[in-house]
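Keep in mind that this is a model prediction, so the values were computed, not measured.
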Amino acid sequence: MSEAAGLRSVAGPGLGVVAADLDGDDLVDLYVANDQAVNHLWLNQGDGTFREDALARGAALNELGQPEAGMGIAVADPDGDGDLDLFLTHLSGETNTFYRNDGGGFFLDETDELRLGGVSQPYTGFGTSWFDYDGDGILDLFVANGKVTPGDSAAFDYREPNQLLRGTPSGRYEDVSGRAGAALELLEVSRGAAFGDLDNDGDVDIVVVNNEGPVRLLRNEVGNAAPWLIVDLCGGGILDRSAIGSRVTVRGGGRSWTRDVRPAQSFAAANDPRVHFAFGDIPAVDHIRVDWPHGGVTERSGVPVNTILRLLAPGGTAPAKGVCRDAR
């Protein structure tokens with residue numbers, strides 16, 4: 001179907017890829033990060049075809065008009081304006097890139113404005129994602145680093161530290177890797193990074209896969225100190241049991257947070273399909289709204305914090321063993 005859909009009309013050395021509604025028309029688009037070539041933004045036309053429009057929309061090159069290495073991709077709404085922004089990881093000597101969405105699917109490179117350029121230039125980034133590691137209600141970034149430059153084949157020649165970048169109320173990021181514990185002191189050749197609450201304690205942990213090294217489980221020990229909520233959705237059938245593409249909006253204390261069910265991002269990884277929220281100093285949730293990918297809305301009020309809320313899509317059949325996680 002690739003040729004009929006138009007996806008074979010333009011070729012590229014693709015590495016990272018993500019499926020998301022990037023232009024706000026309720027259709028799933030495709031974004032591909034290409035290695036040292038222009039990136040591709042395939043806009044869903046709603047008739048089974050896609051149109052490539054990355055250059056016109058500011059998402060093909062960095063602000064200097066240069067292609068970059070394009071390994072990992074994170075997609076989320078870190079600025080809380082209701083649209084999806086993009087973060088891409090690249091080679092050392094380049095910088096990782098933050099593309100801010102204007103709400104209509106046009107992007108602006110604001111890497112340096114958010115202080116994400118200088119901290120990334122010495123390193124080669126792969127797996128990455130936004131997540132709230134410290135529970136303050138603001139999304140943070142993790143980047144798995146490891147060199148790929150030629151040289152001695154011994155793994156230690158390629159080792160680099162991974163990075164934890166804390167989001168601040170100003171929208172800028174600060175590198176807090178040096179005070180994030182022993183796990184961030186390791187020098188390894190990291191590639192894939194998968195994110196999820198592996199021990200169900202209310203914060204997001206990370207699994208990092210290393211080249212010629214051990215898999216590392218980075219257990220979060222600070223993110224559940226503030227009120228939190230995990231929303232676990234089930235579409236009610238075999239094909240959509242994780243309700244991928246659903247959007248969850250939580251409101252409380254005069255603020256709102258939006259998360260999408262999108263386990264396929266980062267680099268060479270599948271993530272926890274449940275969506276995680278943390279609320280900082282806000283003690284309670286006022287309202288939850290779920291917009292399901294195939295239509296329908298579920299709303300709840302008075303949901304307690306520090307819990308896992310399981311919801312079944314409207315019209316979904318009763319969960320069968322192995323289909324949903326006892327969602328009701």
Side-chain angles (χ1 to χ4, degrees), residues 18-29 31 73-87 98-107 110 114 128-141 167-169 171 173 195-197 202-204 223 226-235 242-266 271-282 284-301 303 305 307-311 313-314:
V18 70
D21 177 15
L22 294 170
D23 58 357
D25 63 356
D26 295 326
L27 298 171
V28 177
D29 310 304
Y31 186 81
I73 302 179
V75 59
D77 181 23
D79 51 5
D81 62 356
D83 55 45
L84 296 174
D85 305 312
L86 295 164
F87 178 77
F98 177 93
Y99 291 106
R100 189 186 300 280
N101 194 333
D102 74 345
F106 289 85
F107 293 86
E110 294 190 359
L114 300 189
T128 186
S129 187
W130 269 294
F131 73 116
D132 188 352
Y133 91 92
D134 56 358
D136 65 352
I138 300 173
L139 289 178
D140 314 296
L141 280 165
T168 67
Y173 291 82
F195 299 79
D197 186 0
D203 51 34
V204 177
W228 56 270
L229 176 70
I230 291 174
V231 181
D232 187 5
L233 301 182
C234 179
S242 294
I244 293 172
S246 300
R247 172 160 290 191
V248 184
T249 303
V250 176
R251 294 183 174 85
R255 293 183 59 187
S256 67
W257 297 263
T258 300
R259 306 278 189 269
D260 290 354
V261 180
R262 185 173 298 101
Q265 55 176 315
S266 184
N271 305 290
D272 191 345
R274 303 174 301 175
V275 289
H276 171 267
F277 297 87
F279 306 110
D281 58 0
I282 295 174
V285 170
D286 299 327
H287 187 77
I288 296 175
R289 174 188 171 107
V290 179
D291 290 275
W292 300 88
H294 303 299
V297 173
T298 298
E299 298 187 81
R300 294 284 188 275
S301 298
V303 175
V305 296
T307 188
I308 299 175
L309 174 66
R310 295 183 170 94
L311 295 173

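Once rounded to the nearest 0.5 Å, the distance linking OG of S256 with CD1 of I288 reads 13.0 Å. With values rounded to the nearest 0.5 angstrom, D136 atom CG is found 12.5 Å from F279 atom CZ. Taking CH2 of W130 as the start and CD1 of I138 as the end, the distance is 14.0 Å to the nearest 0.5 Å. Note that CZ of F107 and CG of D23 are 8.5 Å apart. Values are rounded to the nearest 0.5 Å. The structure places CZ of R262 at 10.0 Å from CD1 of I244, a figure rounded to the nearest 0.5 Å. Summarising the geometry, atom CG belonging to D281 is positioned 8.0 Å from atom CZ belonging to R255; distances are rounded to the nearest 0.5 Å.
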Which is it for T298 and W292 under the side chain to side chain contact (heavy atoms under 4.5 Å, CB included) test, yes or no, and what are the steps along the way? CA-CA 8 Å; T298 298; W292 300 88; 2.9 Å; yes

Stepwise, does the side chain to side chain contact (heavy atoms under 4.5 Å, CB included) test hold for L22 with Y31? CA-CA 9 Å; L22 294 170; Y31 186 81; 3.9 Å; yes

Verify side chain to side chain contact (heavy atoms under 4.5 Å, CB included) between V290 and L311, making sure each step is shown before the conclusion. CA-CA 9 Å; V290 179; L311 295 173; 3.9 Å; yes

Derivation of the side chain to side chain contact (heavy atoms under 4.5 Å, CB included) call for D197 and D203: CA-CA 6 Å; D197 186 0; D203 51 34; 4.3 Å; yes

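By the 4.5 Å heavy-atom criterion applied to side chains, L233 and V231 are counted as neighbours. Side-chain contact check for F98 versus L86: every heavy-atom pair is 4.5 Å or farther apart. Side-chain contact between I73 and Q265 is absent, with no heavy-atom pair separated by less than 4.5 Å. Proximity of R251 to I282: side-chain heavy atoms (C-beta onward) are nowhere separated by under 4.5 Å. You'll find the side chain of D132 stays beyond 4.5 Å of the side chain of F277, heavy atoms only. Side-chain contact between L141 and T128: present, with at least one pair of heavy atoms (C-beta onward) separated by less than 4.5 Å. Annotation: side chain of V248 is not in contact with side chain of T258 (no heavy-atom distance under 4.5 Å).
The backbone N or O of P263 lies less than 3.5 Å from a partner atom in the side chain of N271, making a donor-acceptor pair. Checking side-chain atoms of S266 against main-chain N and O of S129 turns up no donor-acceptor pair under 3.5 Å. A donor-acceptor contact shorter than 3.5 Å is absent between the side chain of H287 and the backbone of E299. Side-chain atoms of W257 come within 3.5 Å of backbone atoms of G137 as a donor-acceptor pair (strictly under, hydrogens ignored). Listed for the N101 side chain is no donor-acceptor partner under 3.5 Å among the backbone atoms of D83. Checking side-chain atoms of D29 against main-chain N and O of D21 turns up no donor-acceptor pair under 3.5 Å.
Between D291 and R289 a salt bridge is recorded (basic side-chain N to carboxylate O distance below 4.0 Å). A salt bridge is defined here as a Lys NZ or Arg NE, NH1 or NH2 lying under 4.0 Å from an Asp or Glu carboxylate O, and D260 with R247 meets this definition. Using a 4.0 Å cut-off between charged nitrogen and carboxylate oxygen, R310 and D232 count as a salt-bridge pair.
For the residue pair G280 and A226, the shortest heavy atom distance occurs at O-CB, 3.4 Å. The two residues L139 and A76 make their nearest non-hydrogen contact at CD1-CB, 4.1 Å. Among all heavy-atom pairs drawn from A19 and V28, the shortest one is CB-CG1, 3.8 Å. The two residues V204 and G196 have their closest heavy-atom pair at CG1-N, 3.6 Å. Shown here for P78 and D85, the closest heavy-atom pair between the two residues is CD-OD2, 3.4 Å. Of all non-hydrogen atoms in A243 and G235, the two that sit nearest each other are CB-N, 3.9 Å.
Ring geometry for F131 versus F195: interplanar angle of 30 to 60°, hence tilted.
Residues satisfying the side chain to side chain donor-acceptor pair (under 3.5 Å) criterion with T307, sequence neighbours excluded, are absent altogether.
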